[in-house]
Amino acid sequence: LRNIRNCKYVTADDFVVDYYDRQVQVDQIQSVDFIVVPFNNAPRLAHTMISFGLDDGSYLAVSIEVRKERGEKYNALLGIGRKFELIYVLSDERDVIRLRTKYRDSDVYVYPTIASPQQSRALFADVITRLNKLAVEPEFYNSINNNCTTNLAGHVNEVSPNKITYGWKILLPAFSAEYAYELGLLDNRIPFEDLTSIALVNDLAEANFEDPQFSQLIRSRRDQIDRYLSRQKSRGPVLNGSGDEFLQSKRMSLPTLLR
């Protein structure tokens, strides 16, 4: 992989440009996380990204964005027309996450998906295939039907046809995590509100920016999921007889990724 972005920011618009290359074997991909960044001035809208976890503990983020020319600024209304080109940015997490938590003062939520290593690899391969295709067949960005969230939904549907339906929670991406949770794409063993609290990484990103284990540390609250489940289990069954089996059957019937 070439030109993985890892810029050092002074402000949101001033930065030291830095890129690096690395070799990645598809079988190194172990997981994928879903990242949601609500817009400060339009909280129903959001930028969405994904980040692939590798077997060495590192992460590779993918941000699907407007490819701005010098002096251009993003505008959602202008994005409906043929104003901006589309770009897939491969990035170090320190770049795409801290740019938003520190310099754009945005909330960043990093949600764990339930994708298996095999499913994550299939998604990774599809993303890289499209990235390479855009290099030779450029496309215009469109705020409605060719943006970050619609492309991510398209990648999931390439691997698992018709898994995601285009609707208002895709059109308003701040609700996309809730939609993914409802579809069973995110870890839905705990209530969505609790998962969202665990997924918010702003304070952890700021506290651990210089740490070599940055990506692991911003995910350090995830052990709360197991603690929550352990507490629920220790309380014992609420219903007698077949009630617990019924609740378990309902839980297991939730759709899962790529089924």
Side-chain angles (χ1 to χ4, degrees), residues 29-38 43-54 59-64 93 96-97 100 106-124 126-127 147-202 204-205 215-216 218-232 247-248 250-259:
I29 304 298
Q30 299 296 311
S31 64
V32 60
D33 288 344
F34 181 49
I35 303 174
V36 180
V37 187
R44 295 183 179 182
L45 302 179
H47 181 55
T48 56
M49 301 179 280
I50 52 177
S51 188
F52 292 97
L54 280 70
Y59 283 80
L60 179 65
V62 180
S63 180
I64 305 169
E93 285 194 332
V96 292
I97 290 179
R100 291 165 171 85
S106 298
D107 289 337
V108 175
Y109 299 87
V110 183
Y111 291 94
T113 75
I114 54 84
S116 69
Q118 183 177 2
Q119 294 160 351
S120 301
R121 291 164 193 159
L123 190 65
F124 177 79
D126 194 63
V127 167
N147 57 43
C148 53
T149 311
T150 60
N151 274 281
L152 292 178
H155 288 300
V156 174
N157 285 339
E158 281 293 321
V159 178
S160 180
N162 303 315
K163 183 68 179 180
I164 299 176
T165 302
Y166 186 91
W168 69 270
K169 288 184 179 180
I170 298 294
L171 184 61
L172 300 175
F175 299 96
S176 60
E178 181 181 11
Y179 182 38
Y181 179 89
E182 292 167 354
L183 291 176
L185 298 174
L186 304 184
D187 190 333
N188 55 22
R189 296 174 297 166
I190 66 174
F192 178 69
E193 294 76 12
D194 294 326
L195 185 66
T196 296
S197 296
I198 291 169
L200 183 64
V201 301
N202 287 55
L204 296 173
S215 291
Q216 289 76 24
I218 64 172
R219 293 168 170 82
S220 61
R221 291 196 180 100
R222 291 188 182 179
D223 60 0
Q224 294 180 24
I225 296 175
D226 292 330
R227 291 204 298 271
Y228 176 93
L229 295 172
S230 179
R231 287 197 303 271
Q232 293 298 104
L247 291 175
Q248 182 66 19
K250 288 298 184 183
R251 183 178 296 112
M252 294 303 292
S253 68
L254 288 170
T256 56
L257 182 66
L258 309 181
R259 175 173 293 174

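Numbers here simply count residues along the sequence, with the first being 1.
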Rounded to the nearest 0.5 Å, how far apart are [atom1] of [X] and [atom2] of [Y]?
{"X": "D223", "Y": "S230", "atom1": "CG", "atom2": "OG", "result": "12.0 Å"}
{"X": "S63", "Y": "L152", "atom1": "OG", "atom2": "CG", "result": "9.0 Å"}
{"X": "M49", "Y": "D33", "atom1": "CE", "atom2": "CG", "result": "11.5 Å"}
{"X": "D226", "Y": "Q224", "atom1": "CG", "atom2": "CD", "result": "10.5 Å"}
{"X": "R44", "Y": "W168", "atom1": "CZ", "atom2": "CH2", "result": "8.0 Å"}
{"X": "Y109", "Y": "I97", "atom1": "OH", "atom2": "CD1", "result": "13.5 Å"}

Would you say [X] and [Y] make side-chain contact, with heavy atoms under 4.5 Å?
{"X": "L185", "Y": "F34", "result": "no"}
{"X": "V159", "Y": "Q119", "result": "no"}
{"X": "I64", "Y": "N147", "result": "no"}
{"X": "Y111", "Y": "I198", "result": "no"}
{"X": "E178", "Y": "V36", "result": "no"}
{"X": "I35", "Y": "V96", "result": "no"}
{"X": "Y166", "Y": "T149", "result": "no"}
{"X": "V108", "Y": "I218", "result": "no"}

Report the C-alpha distance between I50 and H155 in whole Å, list the side-chain angles of each, state the deciding distance to 0.1 Å, and finish with yes or no for side-chain contact (heavy atoms from CB on, under 4.5 Å).
CA-CA 11 Å; I50 52 177; H155 288 300; 5.9 Å; no
Which residues satisfy the salt bridge (Lys or Arg N to Asp or Glu O under 4.0 Å) test with D187, sequence neighbours excluded?
R189
Are S197 and D194 linked by a side-chain donor-acceptor pair shorter than 3.5 Å?
no
Side chain of [X], backbone of [Y]: donor and acceptor closer than 3.5 Å?
{"X": "T113", "Y": "V32", "answer": "yes"}
{"X": "N188", "Y": "E182", "answer": "no"}
{"X": "S160", "Y": "V156", "answer": "no"}
{"X": "N157", "Y": "I164", "answer": "yes"}

Going by the rule ring-ring contact (aromatic ring centres under 6.0 Å, His included), which residues pair with F124 if we only count those two or more places apart in sequence or in a different chain?
F52
Run the side-chain contact (heavy atoms from CB on, under 4.5 Å) test on L204 and S220 for me, step by step, so that the C-alpha distance in whole Å, both residues' side-chain angles and the decisive distance to 0.1 Å come before the verdict.
CA-CA 8 Å; L204 296 173; S220 61; 3.8 Å; yes
Shortest non-hydrogen separation from [X] to [Y] and the atoms involved:
{"X": "A115", "Y": "S120", "answer": "CB-OG, 3.5 Å"}
{"X": "P38", "Y": "D107", "answer": "CD-O, 3.4 Å"}
{"X": "R221", "Y": "L200", "answer": "NH1-O, 3.0 Å"}
{"X": "P191", "Y": "Y228", "answer": "CD-OH, 3.2 Å"}
{"X": "S215", "Y": "Y59", "answer": "CB-CD1, 3.4 Å"}
{"X": "A174", "Y": "P43", "answer": "CB-O, 3.0 Å"}

Between T48 and V37, is the side-chain contact (heavy atoms from CB on, under 4.5 Å) condition met? List the steps.
CA-CA 6 Å; T48 56; V37 187; over 6 Å; no
